[in-house]
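Have a look at the structure below, then the notes.
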Amino acid sequence: MDLKFRFDDPQYVHITNPEQAAQAVAELEKHDMLGVDIEGTGLDPYVDKLLLVQVGTAEKSYIFDAQRMSLFGLEPLIALLENPKIIKLMHNGKFDYGFIKLQVGAKVANIYDTMLAEGILTAGIKHLQSLAALSEQYLETRLNKSVRKSFEELKYQITEDQLKYSALDTLVLFPIFDQQFKRLKEENLVNIAKLEFAVTVVVAEMELKGIYIDVDMWRKIIDELRKKRVGFALQFQDAIRPLYEATQVDLFGVNSEVINMNSQPQLMDLFNNKLGVIVPSTGDEILVGVDHPVAKILRDYRAYEKLISAFGESLLAKVNKKTGRLHPDFMQLGTATGRFACANPNLQQIPRNSEEAPFRKCFKPAAGYKLVVTDYSSMEMRILASLSKDKMLVDTIKNGYDIHSRTASLMWGLEYSADFKKKYPEQRQAAKIINFGLVYGMGPGGLARQIGKSMDEARELMDVYFRSYPDIKKWLNRAGDDAVRRGWSVTPAGRKRWYHMPETTDPDYKRKISQIQREAKNHPIQGTNADVTKYALVFMQDRLKKEGVDGFVTHTVHDEVVCEVREDQAEDWAKIQVEEMVRAGELIIKDVPIASEPFVGDVWEH
DNA sequence: AGAGGTGGTG
DNA sequence: CATGCACCACCTCT
């Protein structure tokens with residue numbers, strides 16, 4: 001590897017006043033590609049302090065010192081970072097984007113992100129992708145990570161070691177880029193990479209904007225759930241107390257708990273040794289079939305315990321002190337298929353509104369704004385139709401039929417009608433289970449378990465299904481076989497997923513191949529859904545700007561996008577939001593129409 | 001600290 | 001409940 005810098009002696013310029021800054025920018029402006037990185041005292045751009053902004057060429061890093069001079073509003077630097085003609089090499093640019101936007105006042109434009117590029121190149125077989133790991137992998141050299149830690153306690157002057165470390169963070173990006181970009185071209189992944197680089201700006205803005213949560217309303221819901229939980233807990237302990245030898249009474253003569261209801265081993269002992277009900281596990285699917293009052297009480301307790309523990313006070317602790325809003329971490333390549341993953345908190349797993357736990361009603365717009373929510377309808381079935389080009393499924397969707405009803409109608413020769421769901425609810429339900437199961441690569445065994453019938457009956461049912469949709473069967477089998485033969489699968493938009501192929505001598509060979517086949521049946525479907533939603537996010541961001549709308553993308557859940565838009569503009573914007581969702585879908589899916597429904601209101605629902 | 005079980009979402 | 005995809009959070013136990 002022929003490097004343009006030395007790991008032990010990187011070239012850098014420490015910039016501590018505006019004159020030096022202007023001079024540095026004049027030099028940097030001559031290049032069409034720059035490395036950009038920041039150092040700060042922590043991870044939160046709202047509360048932690050920006051210390052350094054490094055902007056570098058392939059040979060030299062220019063380090064703007066935010067402690068020695070104010071970087072906020074520094075015009076030459078802002079113009080440089082916002083210059084759309086200069087490619088900014090960044091590693092997890094979303095993070096730096098936030099600090100730079102809030103504490104420099106610049107919106108970094110034209111990003112190439114080495115972390116995202118690596119995620120695209122290793123989807124499904126992901127390994128470490130920190131900058132240090134990439135540096136080792138591509139440059140066979142180690143970055144000294146210990147220096148980064150030292151920024152957290154930074155009080156006075158930056159040391160020479162810290163400056164060298166900071167300089168290397170922009171220098172290493174160039175040779176990594178060279179090798180990554182070559183591979184992106186070889187794998188035909190340049191378009192997907194461009195998509196991800198555009199998306200990362202939307203995500204950065206989305207995270208900065210955050211989402212408002214009505215804390216008081218949330219607490220009221222939890223309190224009600226707690227009351228109900230304690231009732232079931234007491235019932236449970238009283239019911240099982242006679243079964244245990246030592247009567248647990250505490251110092252005050254109050255009956256205490258007999259067993260820990262959250263303990264799997266203790267519950268297994270209770271059922272198998274005390275109650276005489278043999279269960280393989282204590283999951284709900286098993287308990288629902290156990291004819292014993294204790295099982296029923298446990299199920300009720302579990303439902304409340306789940307909501308309280310997973311969505312209770314812990315979520316409120318994540319409200320940002322500065323903004324009063326939630327700023328979750330959206331990981332745009334957090335999954336093997338291209339979907340987002342979300343954490344801290346995971347707003348993609350907030351329970352759907354129910355009578356007892358209307359959690360989503362707590363997510364509201366700011367005063368004077370509305371939430372505009374759009375989601376794709378039956379997206380995965382539309383994608384399956386488009387991929388398989390199955391005549392009947394395409395026909396079903398083109399005619400706007402209810403997909404599960406039409407499927408049942410075809411399977412059993414029942415006449416399709418608008419009120420089919422009312423007339424043949426069981427048939428429709430069975431068809432729905434197959435439709436959903438198929439996009440997950442389900443087989444007869446899985447279907448039998450789902451509908452509680454025998455393996456033979458399930459196999460017969462799938463035969464009947466595939467007689468109506470023969471090309472779906474062909475497509476699914478081919479998707480699985482292609483992946484096993486090639487070691488990867490791909491979406492129409494070009495997103496790839498790789499698979500670890502087992503050795504033929506592997507004792508689990510058959511099981512692992514089946515696993516790959518299922519994953520490969522699902523990947524083009526789920527991945528296309530992700531591709532489409534990501535295009536929609538980019539289109540929406542563009543339109544918000546172009547139309548001068550006072551609004552923001554604030555949330556996305558796989559096939560759904562939420563915007564927060566000024567009240568008087570919300571209805572007009574909702575039409576545009578649908579338009580962009582559909583346009584994104586039609587860009588990739590040509591054989592069937594795309595549909596998206598808007599909801600405008602004061603709570604998160606659709 | 002990490003694994004396994006359980007269960008919330010699409 | 002190994003035999004349906006993709007996740008994350010919380011709990012208990014080792």
Side-chain angles (χ1 to χ4, degrees), chain A residues 123-124 259-268 279-289 298-299 301-315 317-318 328-354 357 359-360 375-380 383-384 433-451 455 458 462 476 479-480 489 497 507-508 510-530 533 555-561 604 606:
Chain A
I259 66 166
N260 180 346
M261 296 177 73
N262 295 327
S263 166
Q264 163 74 356
Q266 291 179 45
L267 287 172
M268 288 296 277
V279 290
S281 69
T282 68
D284 199 62
E285 275 185 45
I286 298 296
L287 292 186
V288 74
L298 179 58
R299 291 184 66 223
Y301 166 84
R302 282 252 180 95
Y304 294 106
E305 165 63 18
K306 173 69 180 185
L307 297 174
I308 294 160
S309 65
F311 307 105
E313 205 66 32
S314 57
L315 188 139
K318 306 238 163 52
D329 184 13
F330 287 94
M331 294 160 278
Q332 66 185 83
L333 292 177
T335 70
T337 55
R339 270 190 183 174
F340 284 94
C342 180
N344 300 309
N346 180 359
L347 291 193
Q348 297 187 322
Q349 63 174 159
I350 301 300
R352 293 189 298 264
N353 286 328
S354 68
F359 284 118
R360 292 189 180 195
D375 63 341
Y376 288 112
S377 53
S378 309
M379 193 49 151
E380 296 201 327
I383 294 167
L384 178 59
I433 290 172
I434 302 182
N435 275 331
F436 273 113
L438 282 176
V439 300
Y440 305 146
M442 186 175 65
L447 180 61
R449 190 157 49 81
Q450 273 282 312
I451 59 178
M455 189 80 131
M462 288 190 73
L476 287 169
S489 50
R497 173 184 181 165
D508 279 337
K510 270 187 80 171
R511 188 185 61 77
K512 286 178 178 171
I513 291 294
S514 300
Q515 173 85 16
I516 290 167
Q517 286 173 329
R518 287 196 304 276
E519 289 167 349
K521 288 171 183 176
N522 177 253
H523 167 243
I525 301 169
Q526 191 182 121
T528 295
N529 199 346
T533 304
H555 192 24
T556 176
V557 195
H558 310 311
D559 61 358
E560 171 184 350
V561 181
W604 177 23
H606 56 89

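A note on names: the letters A, B, ... follow the listed sequences, proteins ahead of strands, and every chain is numbered from 1.
Look at the P atom in both C:dT3 and B:dG7: the space between them is 15 Å, to the nearest Å. To the nearest whole angstrom, the two C1' atoms, one in B:dG4 and one in C:dC1, are 14 Å apart.
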The contact string for nucleotides 5-10 of chain B, one letter per nucleotide 5' to 3', using protein heavy atoms under 4.0 Å with B, S and - for base, sugar-phosphate only and none, comes out as SSBBSB
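Heavy atoms of A:N344 sit under 4.0 angstrom from primed sugar atoms or phosphate atoms, though from no base atom. The residue A:F436 sits close to a base: some heavy atom pair falls under 4.0 Å.
With values rounded to the nearest 0.5 angstrom, A:I525 atom CD1 is found 5.0 Å from A:L384 atom CG. Separation of atoms CG (A:D375) and NE2 (A:H606) is listed at 5.0 Å; rounding is to 0.5 Å. Atom CG of A:L438 sits about 8.5 Å away from atom CG of A:L447, to the nearest 0.5 Å.
The nearest whole Å value for the distance from the CZ atom in A:F330 to the C1' atom in C:dC8 is 13 Å. Note: CG (A:L384) to C1' (C:dC5) measures 13 Å, nearest angstrom. When rounded to the nearest whole Å, the span between CD of A:Q266 and P of C:dT12 equals 9 Å. Rounding to whole angstrom units, CG of residue A:N260 and C1' of C:dC11 are separated by 9 Å. The distance from atom CD1 of A:I513 to atom P of C:dT3 is 18 Å, rounded to the nearest whole Å. One can place CD of A:Q517 at 13 Å from C1' of C:dT3, the figure rounded to the nearest angstrom. One atom, CE of A:M442, and another, C1' of C:dC1, lie 16 Å apart when rounded to the nearest Å. Rounded to an integer number of Å, the gap from CG of A:L447 to P of C:dC1 is 15 Å.
Checking C:dC13, C:dC1, C:dC5 against every side-chain atom of A:R518, the shortest atom distance belongs to C:dC5. Considering only the side chain of A:A341, C:dC8 comes nearest among C:dC1, C:dC8, C:dC10. Ranking C:dC8, C:dT12, C:dC5 by closeness to the A:S263 side chain, first place goes to C:dT12.
Comparing A:G446 and A:G334 against DNA chain C, the residue whose closest nucleotide sits nearer the 5' end is A:G446.
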Name every donor-acceptor pair, under 3.5 Å, that has one atom in a side chain of residues 337-346 of chain A and the other anywhere in the protein, sequence neighbours excluded.
residue: A:T337; atom: OG1; partner: A:T335; partner atom: OG1; Å: 3.3
residue: A:T337; atom: OG1; partner: A:Q526; partner atom: OE1; Å: 2.6
residue: A:N346; atom: OD1; partner: A:Q348; partner atom: N; Å: 2.8
residue: A:N346; atom: ND2; partner: A:Q349; partner atom: OE1; Å: 3.4

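Checked by atom type and distance alone, the side chain of A:T282 never pairs as donor or acceptor with a backbone atom of A:Q264 at under 3.5 Å.
Classification of the A:H555-A:W604 ring pair by plane angle, with boundaries at 30° and 60°, yields perpendicular.
Residues that satisfy the side chain to side chain contact (heavy atoms under 4.5 Å, CB included) test with A:R518, not counting sequence neighbours, are A:S514, A:Q515.
The side chain of A:Q515 contributes no N or O atom lying less than 4.0 Å from OP1 or OP2 of C:dA2.
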